[in-house]
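Below is one structure, written out as structure tokens; comments come after it.
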Amino acid sequence: QVQLVESGGGLVQAGGSLRLSCAASGRAFSNYVMGWFRQAPGKEREFVAGIRWSGANTYYADSVKGRFTISRDNAKNAVYLQMGSLNPEDTAVYYCAARIRLGGSFPTTPGSFNYWGQGTQVTVSS
């Protein structure tokens, strides 16, 4: 089992950058596939980015591709989301998620992940 705690959210102007962090506690962090999701008011939770256990393979939603970068440090039990060129449509609560690693296609639905953080608010002003 793993516990997740996000940090790094806040208020930023359009065009700005933020770096989100997710600290994981529990055993064998490297056994987990990690993802970032977000949920805006009145909208469903959506996949933002994901990373496999080794960090060698990353995946992004089309809406953030080229602007966001996901990374992980298994030695520190942490995963990060570097966000750049932010726009008001990026405003949401951002969640870190984990699931035991598996083969095949990378999971991108919220139901595919077993563990969730409490979320961190990101607000982008125009």
Side-chain angles (χ1 to χ4, degrees):
Q1 193 167 357
V2 62
Q3 293 78 44
L4 306 172
V5 179
E6 304 96 335
S7 61
L11 174 63
V12 63
Q13 288 188 332
S17 300
L18 276 177
R19 187 192 195 211
L20 305 184
S21 298
C22 174
S25 60
R27 298 172 60 182
F29 175 70
S30 61
N31 284 341
Y32 290 86
V33 166
M34 302 299 297
W36 285 97
F37 289 75
R38 66 186 181 186
Q39 188 166 18
K43 294 187 177 182
E44 294 186 351
R45 193 169 297 189
E46 63 175 1
F47 173 79
V48 174
I51 188 166
R52 291 199 185 269
W53 70 275
S54 69
N57 300 99
T58 56
Y59 308 84
Y60 298 94
D62 288 342
S63 59
V64 306
K65 202 170 291 183
R67 300 189 298 122
F68 291 11
T69 302
I70 188 171
S71 60
R72 68 188 292 166
D73 186 336
N74 288 338
K76 295 182 178 180
N77 281 13
V79 63
Y80 309 99
L81 186 67
Q82 180 68 47
M83 306 186 295
S85 300
L86 286 162
N87 58 64
E89 289 68 41
D90 295 315
T91 295
V93 177
Y94 283 71
Y95 296 91
C96 178
R99 65 155 294 147
I100 289 291
R101 60 176 172 165
L102 43 60
S105 301
F106 192 88
T108 60
T109 58
S112 300
F113 286 78
N114 308 105
Y115 306 103
W116 293 85
Q118 82 289 350
T120 186
Q121 177 70 46
V122 172
T123 303
V124 184
S125 63
S126 57

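As the structure is a computational prediction, the values presented were derived from the model and not from experiment.
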query = Between Arg38 and Tyr95, is NZ or CZ placed under 6.0 angstrom from the six-membered ring centre and within 45° of the ring axis?
reply =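 Cation-pi check for Arg38 and Tyr95: fails.
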inquiry  = Starting from Val2 and following side-chain heavy-atom contacts under 4.5 Å between hydrophobic residues (I, L, V, M, F, W, Y), which residues can be reached?
reply    =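 Other cluster members: Leu4, Val12, Leu18, Leu20, Phe29, Tyr32, Met34, Trp36, Val48, Ile51, Tyr60, Val64, Phe68, Ile70, Val79, Leu81, Met83, Leu86, Tyr94, Ile100, Tyr115, Val122, Val124.
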request  = Classify the side-chain pair Gln13/Ser125 by whether it contains a donor and acceptor separated by less than 3.5 Å.
outcome  =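 No, no side-chain donor-acceptor contact under 3.5 Å.
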ask   = How about Phe47 and Tyr59: are their ring centres within less than 6.0 Å of each other?
value =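 Ring centres of Tyr59 and Phe47 not closer than 6.0 Å.
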key: Shared hydrophobic cluster for Trp116 and Phe106 (ILVMFWY, side-chain gaps under 4.5 Å)   =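 Trp116 clusters together with Phe106.
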inquiry  = According to salt bridge (charged side-chain N to carboxylate O under 4.0 Å, His left out), does anything in residues 49-70 pair up with another residue at least two apart or in another chain? List the pairs.
reply    =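 Listed once each, the pairs are Asp62-Lys65, Arg67-Asp90.
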key: Residue pairs passing the salt bridge (charged side-chain N to carboxylate O under 4.0 Å, His left out) test where at least one lies in residues 93-107, sequence neighbours excluded   =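 Residue pairs passing salt bridge (charged side-chain N to carboxylate O under 4.0 Å, His left out), neighbours aside: none found.
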message = My understanding is that only residues two or more places apart in sequence, or in another chain, count here; which of them pass side chain to side chain contact (heavy atoms under 4.5 Å, CB included) with Gln118?
response =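 Scan of Gln118 (side chain to side chain contact (heavy atoms under 4.5 Å, CB included), adjacent residues dropped) gives Val5, Glu6.
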request  = Quick one: pull up OG in Ser30 and CG in Asp73 and give me the separation to the nearest 0.5 Å.
outcome  =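 So the OG of Ser30 and the CG of Asp73 are separated by 11.5 Å.
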ask   = Any idea which heavy atoms bring Pro88 and Ser126 closest together, and the distance?
value =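 Heavy atoms of Pro88 and Ser126 come nearest at CG-CB, 3.8 Å.
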query = Minimum heavy-atom separation for Gly35 to Phe113, with atom names?
reply =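 Between these two residues, the closest heavy atoms are N-CE2, 3.8 Å.
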query = With a 4.5 Å heavy-atom cut-off, do Gln1 and Gln3 have their side chains touching?
reply =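 Of all side-chain heavy-atom pairs linking Gln3 with Gln1, at least one is under 4.5 Å.
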query = Are Tyr80 and Cys22 side-chain neighbours, meaning at least one heavy-atom pair lies under 4.5 Å?
reply =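 Answer no - side chains too far apart.
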query = Trp53: what forms a ring pair (Phe, Tyr, Trp, His ring centres under 6.0 Å) with it, not counting sequence neighbours?
reply =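 Not a single residue meets the ring pair (Phe, Tyr, Trp, His ring centres under 6.0 Å) criterion with Trp53.
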request  = Not counting sequence neighbours, which residues clear salt bridge (Lys or Arg N to Asp or Glu O under 4.0 Å) with Lys43? List them please.
outcome  =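 Here no residue qualifies.
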request  = Tell me, with the steps shown, if Ser71 and Gln82 meet side-chain contact (heavy atoms from CB on, under 4.5 Å).
outcome  = CA-CA 8 Å; Ser71 60; Gln82 180 68 47; over 6 Å; no
message = Can a donor-acceptor pair be found, under 3.5 Å and without considering hydrogens, that links the side chain of Thr120 to the backbone of Gly9?
response =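 Checking the backbone N and O of Gly9 against the side chain of Thr120, a donor-acceptor pair under 3.5 Å is found.
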